[in-house]
Structures are given as structure tokens and as C-alpha cells.
Amino acid sequence: MSGQPPHAVPVPQGYRVGHWEVREPLGSGAFATVYAGRPAGEADPALPRRAALKFLPTGTRTPRQLRHLRELADREVELLGRLRAPRLIRMHETLTVDDPDHPELDGATVIVLERAEGSLDAVLERDPTPDSGPALLAQVCEGLHQLHHAGWVHGDLKPANVLLMKDGSVRLADFNMAAELEGTHAYAPAFATPDYTPPELLWPEVDERGTRIRPTADIWAFGVLAHVVLTGEFPLPGGTTEGRVDAATRYAGGTDELRLSPELPEGWREIITDCLARTHAERTTAAALLPRVTKAAGVATPARLPRLRPRFWQRRPVLMATLTLALLITTTSAVSAYRHVTTDDGTPVYAALPRELAFPTNARGEVVYGYHRCPSDSVCFFSEHNGNGDMCVWQGDDPDWQSGKDTCGWAAGAPVRSIFNNIDDTREESAVAYFRGTGFSPPTRTADAWPSAPGAAR
Ligand SMILES: Nc1ncnc2c1ncn2[C@@H]1O[C@H](COP(=O)(O)OP(=O)(O)OP(=O)(O)O)[C@@H](O)[C@H]1O
């Protein structure tokens, strides 16, 4: 952790906060330091076994810094508290350090997050153009769409804020610049990272509510990110950030043309050009972008192929949804969609789904999500793909979905097409098992192994 940014928070290993014990540092940004965390000795056994503890030093600064940091922390907590979607990192709880003996920590806000394996930044450090790049970008685009669809702008999309989970799926993270849309735009503290900032926000007009930003700011950032991931280079020329900012200004002013790398794989040039349109009004939307990005990602190697065999364990809490129906399941990868069918001898088989079935679109060709309807600590089943259509919500230990407390009328006669495991517990045994037939048969599948929503479950 050398060369830490000014607001990084040093926390000793073994330090206790709430029910958590701080372990090794996972990463540091401009405002916060993130540590691995595990439940402290006598902690509630229901806690996840591993978490990420994001320390924001809200307690030990000058009043002006304090206000700013408090605002950043509030933004992140507000978004994470209200928004849960398959491609967004999840928050378990927030804590405030109460420790006058450690004035440098006293008052700090700690956001307890589900723990990722690492960031896209780290992946790119090892391999500037990873084979899994297109598949990762498709998932980032999904995340962006889920965020915009719920009415928020990220405001700081970049490789360090794209996290990779153990199963290879992607989560967008770091929402301290995020802002909720009020009509066509939102107010954010600033657009944080110059290389990913659209030209109109390089010298923005700032009023007392902050900078006016639109979802198209994230689209620009996505265009830059896609170029970086696919070619290892920024789309605008220049050996330094200042040089690239100047190039962006010349491009936006019409003096220079956009010259994307000749290395760009087939299908991506038009997408990136549309993301990097000169003005926000000319840029595309995440909803329109997603089907194009998914198509361009094609059959390229996904981040890691999802497991396609059932896992035969079932421990608490287990959903025993006896669904007498055929489940249409898409997998964690945005580019790999599978249909689950059972052969006569009961063997599960997976067949590729036609793309239009896996990613249904509205009349404008935009993918629409409905996962945000699923309450926390629930497993939701939907009659349509991507969290759309009728929804059944399962919570607790209800043993049977047809005769238990939580019944699901429509599922008795219609297929379940997407599932979102929104249980706030990352322990492996909390994965949900569900069954297609009566009597808890045929063998279980877990929402962990086959989230039917792209990336729906942990
Ligand atoms: N949930 C997580 N699991 C694992 N690592 C994480 C997690 N959240 C963050 N990190 C690591 O910590 C780094 C810093 O986190 P984050 O970006 O949230 O901090 P920040 O100070 O708000 O950053 P920024 O400078 O972008 O505003 C990330 O780049 C990542 O490497």
C-alpha cells in the first residue's frame, strides 16, 4: 500500500469495527481504503464469511473536507441502500467508528460490501487486452443499463470501479460520485477522472448543487473503457492525461477527428464512436447500447464460464420451490444464454438460447430490466426475462412454493424465465436450490450456479 492517496485510511490488521475484524488491504482510491473483513470471533453466524470494509475518513478532517467526504459517503450509502441489481456491488451494512482512542479513525464511515476478487484495473495491469475483454464489457454495459434504468448516473466509471467476483461476473462499484436523475440530468460533486470525463464536463458549470451530469456522461466513459480494454490504449491521443484532455477538447470543438485504434476488433468501432460522440445529445443510451455490445461480444471467451452442472448440496436457507414447469435459464455471462431441458432419463442438458430470447427488447430495441422490483433478502422469480413480467417473491424458510405460505400462482402454469437471488448473505450455503418437479425433483439447481438473470446471483 505504498504511495497511498491523501485520504487513504490506515487501519491496523485485527482492528474491530461492529461485528467485523479488519484483515489485509484490498485497494485504495482517492477517498477511501478498502480492507478485507471477516466476522469477529463471537459474531452472528448469519453474517457473510467474507466482506470488504470500505473506510471513508469522515471523522478527522477540516470542516470543509469533512462536509465533502460526508457527502460522498452519503451518496454511496444512499444508492447502495436503495438499489440492488445483479451487476451492482451490494452493501451489507454501514457503520460509524466510535473510537476516541484512535482519533484518525474515530467517526469514520465504514461501508460493509460484498467482497470482490479484484478490479478490472488489476486485470489490465497484468494483461492490457484480456481475452475476456468483450464479455467483461458486455457485463459492464449491463450494469450501466441497470443503474440508468433505476434512474442513477454513476459519474466515475473506470477500470478501478469495475469489480470482478469469484464466479467471474462483474459488479459496478464506487458510487460516491453517483447521482439520482431529476428528469434529464442529475447533480454530482464533479466528474472525477479526466481520462474518462466527457468533453462537456471537463470545464463544467458548477452551481451550489454541484455539476449537472447526464447518463450520457457514463456512456462516454464506457466508450473510453471499451477502447482501453480492447486495445490497451486510450481512444484520444496523448502521452499524458493533460495531453489527452487537450485532444478531447480539440475533438469536441470540431478541430480534430476521432481516430480510433486500428486494433479494435470487428463490430466495436461503431459502438465506441457512438459512445464518444462530440456532444451529449448525439450519444447513445445504455438501453440501446446493450444489445449492440452483447452482439459485438459475440461468442468471445466469457470472463469465466459458469458451471453448467448441478451442485448437489442444500443447506439453509434453501428454497424448495416445487415448480412443475420448464425453467428457461440464462447464465451469468451476458454472451452465453442457455436453456435448461431434461432428457427422458432425467439428465439435465443445456442448450444455447437464441439471443433475442435471452435479451428481449422493447419497441425501440432497448433491453428493459425489472430486477429492482425484487425486495432485499428475497429470491424473485419472473415470468419474463431480465426481471420482467409477473414476479413471485420468496423469503425465509417456506418449504414449498405450491402449498407453503408463499405460493406462486402463475408459476404453476407458466415458465419461469428469470430469477434474482437477492439474499443478503454471501455464504456459499445460502445459495438457493430450486426444483422443477414435485417432490423436490429432479435434482436441484442453485441460483448461485445458474442465475437465470444474467449475473443474477452470487
Ligand atoms: N467490494 C470490494 N471488494 C474487493 N475490493 C474492493 C471492493 N471495493 C473496492 N475494492 C478495491 O478498493 C479500491 C478502491 O475502492 P473505491 O474505488 O470504492 O474507493 P474510492 O476512494 O471511493 O475510489 P475513487 O478514487 O475511485 O473515488 C478499488 O479499486 C478496488 O481495488
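Atoms considered below: every heavy atom in the structure, side chains included; atoms not considered: hydrogens, waters and symmetry mates. Order of appearance sets the numbers: ligands from 1, and atoms from 1 within every ligand.
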Report all side-chain donor-acceptor pairs from residues 222-241 shorter than 3.5 Å, counting only partners two or more places apart or in another chain.
unit_1	atom_1	unit_2	atom_2	d
His227	ND1	Thr231	OG1	3.2
His227	ND1	Glu233	O	2.7
His227	NE2	Ser261	N	3.1
Thr231	OG1	His227	O	2.7
Thr231	OG1	Glu233	N	3.1
Thr231	OG1	Glu233	O	3.3
Thr240	OG1	Gly243	N	3.0
Thr241	OG1	Asp195	OD2	3.2

Does Asp99 offer a backbone N or O that forms a donor-acceptor pair with the side chain of Asp106 under 3.5 Å? yes
Mutual orientation of the aromatic rings belonging to His102 and Tyr15 [parallel < 30°, tilted 30-60°, perpendicular > 60°]: perpendicular
Check whether any side-chain N or O of Tyr251 sits under 3.5 Å from a backbone N or O of Leu276 as a donor-acceptor pair, and report yes or no. yes
Could I get the full list of side-chain contact (heavy atoms from CB on, under 4.5 Å) partners for Arg23, not counting sequence neighbours? Gln13, Glu21, Ala36, Arg38
With sequence neighbours left out, which residue pairs that include part of residues 157-180 fulfil the ring pair (Phe, Tyr, Trp, His ring centres under 6.0 Å) condition? His154-Phe175
Would you mind listing each N/O atom of ligand 1 next to any protein N/O under 3.5 Å, plus the distance?
unit_1	atom_1	unit_2	atom_2	d
ligand 1	1 (N)	Glu114	O	2.9
ligand 1	3 (N)	Ala116	N	2.9
ligand 1	17 (O)	Asn161	OD1	3.1
ligand 1	17 (O)	Asp174	OD2	3.0
ligand 1	18 (O)	Lys54	NZ	2.6
ligand 1	21 (O)	Ala30	N	3.3
ligand 1	21 (O)	Phe31	N	2.9
ligand 1	21 (O)	Ala32	N	2.8
ligand 1	22 (O)	Lys54	NZ	3.1
ligand 1	22 (O)	Asp174	OD1	3.0
ligand 1	22 (O)	Asp174	OD2	3.2
ligand 1	22 (O)	Asn176	ND2	2.8
ligand 1	23 (O)	Asp174	OD2	3.0
ligand 1	25 (O)	Ala30	N	2.6
ligand 1	26 (O)	Lys158	NZ	3.2
ligand 1	26 (O)	Asp174	OD2	2.6
ligand 1	27 (O)	Asp174	OD2	3.0
ligand 1	29 (O)	Ala160	O	2.9

